[in-house]
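To keep things clear, I will list the structure first and then write my remarks on it.
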Amino acid sequence: MSQTNKLKIFNDPIYGFITIPNTLVYDLIQHPYFQRLRRISQMGLSYLVYPGAHHTRFHHALGAMHMMQQAVEVLRFKGVSVSKEEENALLIAILLHDIGHGPFSHAMEHSIVEEVNHEAISLLFMNKLNEEFDGQLSLAIQVFKGEYHRKFMLQLVSSQLDMDRMDYLKRDSFYSGVAEGNINSDRLIQMMNVVDDVLVMEEKGIYSIEKFLMARRLMYWQAYLHKTSLVAELTLTKTLQRAKELLHKGIEIECSKPLKYFMEHKVTLDNFSTHDLDTFAQLDDFDIISALKVWQFHEDFILSSLSKMIINRDLSKIKLHSEKFPVEVLQEMSSRFAKENNITIQEAKYFIFKGKIKNQAYSKEAEPIRILKKDRTIEDVVEASDQLNLKALSKPVTKYFICYPKQLAEI
């Protein structure tokens, strides 16, 4: 195959054309591990709230890589030396940063692949690809793990203002139609610089950063933590937990082989084999959705009821409050629901449960966003900003929720 036809372009509705910079990146994108991301939706069940939110993690990974290409260009223009190898490592690290996400990732992590988070699986995929590509990903893996001496390279991949966040805010806002999430990524990238191998933002970009943090906060409340998305994801978690419980009791559960494999086997990071990884690579949204379609008709009342709720978007009620809900409310509802449906109190917990969500747009504990001032001094964006709202944005806001079936009277 001649090299020229590997330098392809993708048409992206947000940035226009995205170019594949070299044959290695092309071959990685072509790999079945990466192509799987076309079948993993970026925002999980959010399409139950925002019908347009059907974009995929494949799309997001390409967008983040495109932004990294722009960032490298800007930094080089400002005199920051980035070698060809380092540039490639950055592009590969950001391209593969989400490769370990499973279908409806957070629901999966709390029900089926419980002991292993998606970051760890991403690293397992990267190491396996590195073997296949004769060590050409070694530097990218070093950057991804934060082991490379040039700190700004990790910050571009993973920090409070990285290419990942910049793309997903812009993309999720575009596809969901939540305009508040839109950010000026071009301006943010233009304002980047590096001092002593640490990423800084030039002071004149401070308002764009404030807008970015504000957009992040609003996207969390309006999209990622939207109460309907939240109850849908929690219902999916409970459905998968129930299926797994029935399977372990010896009750027949119909689903795809890869999904059944992870429900039957307890996989931990220590025993995550190559076979496990290849089986995980077979899992995508279609396994989960087709399982739910079948489970609607399962004889188990709990499994069928929960599956119908998601398939038909007939979800439980969810109430949010700034104070915790009293335990008595939960107990009273659970015993009533159990009695009405002839199930145990323990089983009623699949339908009636409480929890909390936290939203923090900027964390003071994490790596700060550093502002490079006119006099070349550097300070944390919260201190550099004249806006009080940044101090407010760095305070975590916690809300408590309770979920219960619609047929239970209003609480």
Side-chain angles (χ1 to χ4, degrees), residues 41 43-49 102-115 117-118 224-249 251-256 259-260 262-264 266 283 285 287-320 325 327 329-357 399-408 411:
S41 88
M43 285 177 73
L45 289 165
S46 293
Y47 62 81
L48 293 175
V49 182
F104 308 105
S105 198
H106 305 293
M108 282 281 287
E109 282 175 23
H110 292 118
S111 58
I112 292 180
V113 193
E114 288 172 88
E115 310 246 332
N117 62 24
H118 65 266
Y224 311 131
L225 297 175
H226 184 288
K227 62 181 194 166
T228 309
S229 307
L230 184 64
V231 75
E233 188 175 291
L234 292 164
T235 306
L236 178 58
T237 308
K238 299 278 181 196
T239 314
L240 293 169
Q241 284 168 348
R242 181 60 175 177
K244 191 170 160 182
E245 188 189 336
L246 294 173
L247 198 61
H248 286 277
K249 282 182 179 167
I251 295 167
E252 185 52 42
I253 293 289
E254 207 182 316
C255 62
S256 71
L259 183 55
K260 189 169 267 188
F262 282 100
M263 290 207 287
E264 286 175 338
K266 190 175 171 62
L283 273 179
D285 288 10
D287 295 80
I288 305 285
I289 297 294
S290 53
L292 292 174
K293 284 168 68 183
V294 174
W295 295 345
Q296 293 179 96
F297 308 105
H298 197 279
E299 63 214 23
D300 179 67
F301 167 77
I302 296 164
L303 186 63
S304 67
S305 303
L306 293 170
S307 301
K308 279 180 194 146
M309 282 178 171
I310 301 169
I311 293 291
N312 303 324
R313 198 194 178 276
D314 187 12
L315 299 160
S316 290
K317 283 207 78 72
I318 177 168
K319 291 222 157 173
L320 292 169
F325 288 92
V327 182
V329 173
L330 212 65
Q331 287 167 339
E332 193 269 326
M333 290 176 116
S334 299
S335 57
R336 245 178 61 212
F337 188 75
K339 203 174 282 153
E340 283 169 20
N341 293 284
N342 204 14
I343 56 173
T344 65
I345 298 261
Q346 194 56 36
E347 288 172 331
K349 287 183 181 160
Y350 277 108
F351 298 92
I352 299 155
F353 48 88
K354 62 190 181 91
K356 63 178 180 183
I357 47 176
K399 287 185 183 178
Y400 299 90
F401 64 82
I402 185 166
C403 299
Y404 55 94
K406 284 182 177 149
Q407 58 263 47
L408 289 170
I411 54 166

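Across all their heavy atoms, Cys255 and Ala291 have their closest contact at CB-CB, 4.1 Å. The heavy-atom pair separating Ser41 from Asp285 by the smallest distance is N-OD2, 2.9 Å. Minimum heavy-atom separation, Lys260 to Ile253: NZ-O, 2.9 Å. Pairing each heavy atom of Trp295 with each of Ala243, the nearest pair is CH2-CB, 3.5 Å. Residue Val113 comes nearest to Phe262 through the heavy atom pair CG2-CD2, 4.1 Å, listed as atom of the first residue, atom of the second, then distance. Here the closest non-hydrogen pair linking Phe297 and Ser304 is N-CB, 4.5 Å.
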Test Phe325 against Leu330 for side chain to side chain contact (heavy atoms under 4.5 Å, CB included), laying out the working first. CA-CA 8 Å; Phe325 288 92; Leu330 212 65; over 6 Å; no

Run the salt bridge (charged side-chain N to carboxylate O under 4.0 Å, His left out) test on Lys249 and Glu245 for me, step by step, so that the C-alpha distance in whole Å, both residues' side-chain angles and the decisive distance to 0.1 Å come before the verdict. CA-CA 6 Å; Lys249 282 182 179 167; Glu245 188 189 336; 3.2 Å; yes

Given the rule in the side chain to side chain contact (heavy atoms under 4.5 Å, CB included) test, do Glu109 and His118 qualify, once you have shown the distances and angles that lead to the verdict? CA-CA 8 Å; Glu109 282 175 23; His118 65 266; 2.9 Å; yes

Determine, step by step, whether Leu283 and Leu259 satisfy the side chain to side chain contact (heavy atoms under 4.5 Å, CB included) criterion, reporting the C-alpha distance in whole Å, the side-chain angles of both residues, the deciding distance to 0.1 Å, and the verdict. CA-CA 7 Å; Leu283 273 179; Leu259 183 55; 4.0 Å; yes

Please report the C-alpha distance between Ile289 and Ile310 in whole Å, then the side-chain angles of each, then the deciding distance to 0.1 Å, and finally whether the side chain to side chain contact (heavy atoms under 4.5 Å, CB included) criterion is met. CA-CA 9 Å; Ile289 297 294; Ile310 301 169; 5.7 Å; no

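Rounding to the nearest 0.5 angstrom, the gap separating the CG atom in Leu292 from the NE2 atom in His298 is 13.0 Å. Here the OG-CD1 distance, from Ser334 to Ile345, works out to 6.0 Å after rounding to the nearest 0.5 Å. With rounding to the nearest 0.5 Å, the separation of CD1 in Ile112 from CD in Gln241 is 9.0 Å. Of the inter-residue distances, the one linking Phe353 atom CZ with Tyr404 atom OH reads 12.5 Å to the nearest 0.5 angstrom. To the nearest 0.5 Å, atom NE2 of residue His226 and atom CE of residue Met43 are 10.0 Å apart. The CD atom of Gln331 sits 11.5 Å away from atom CD1 of Ile352, with the distance rounded to the nearest 0.5 Å.
Looking at Ser46 and Val49, their side chains never come closer than 4.5 Å, going by heavy atoms from C-beta outward. Looking only at side-chain heavy atoms (C-beta outward), Ile288 and Met108 come within less than 4.5 Å of each other.
Residues satisfying the salt bridge (Lys or Arg N to Asp or Glu O under 4.0 Å) criterion with Asp314, sequence neighbours excluded, are Lys406. When the salt bridge (Lys or Arg N to Asp or Glu O under 4.0 Å) test is applied to Asp287, no partner is found at least two apart in sequence or on another chain. Lys244 is linked by a salt bridge (Lys or Arg N to Asp or Glu O under 4.0 Å) to Glu114, counting only residues two or more places apart in sequence or in another chain. The side-chain contact (heavy atoms from CB on, under 4.5 Å) check on Ile343 picks up Phe301, Phe337, Ala338, Asn341, Glu347, Ala348, Phe351, with sequence neighbours excluded.
No more than 12 heavy-atom neighbours from other residues, nucleotides or ligands sit within 6.0 angstrom of NZ on Lys227. The local environment of CD in Glu340 is crowded, with over 12 non-hydrogen atoms from other residues, nucleotides or ligands closer than 6.0 Å. Atom CG of Asn312 has more than 12 heavy atoms from other residues, nucleotides or ligands within 6.0 Å.
Remark: the backbone N or O of Ser305 is not paired with any side-chain donor or acceptor of Gln296 at under 3.5 angstrom.
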Taking only distance into account, with no hydrogens and no angle test, what donor-acceptor pairs under 3.5 Å do side-chain atoms of residues 228-240 form with protein atoms, sequence neighbours excluded?
| from | atom 1 | to | atom 2 | distance (Å) |
| --- | --- | --- | --- | --- |
| Thr235 | OG1 | Val231 | O | 2.6 |
| Thr237 | OG1 | Glu233 | O | 2.8 |
| Thr239 | OG1 | Thr235 | O | 2.5 |

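Listed by first and then second residue, the salt bridge (charged side-chain N to carboxylate O under 4.0 Å, His left out) pairs involving residues 291-312 are Arg242-Asp300 (not counting sequence neighbours).
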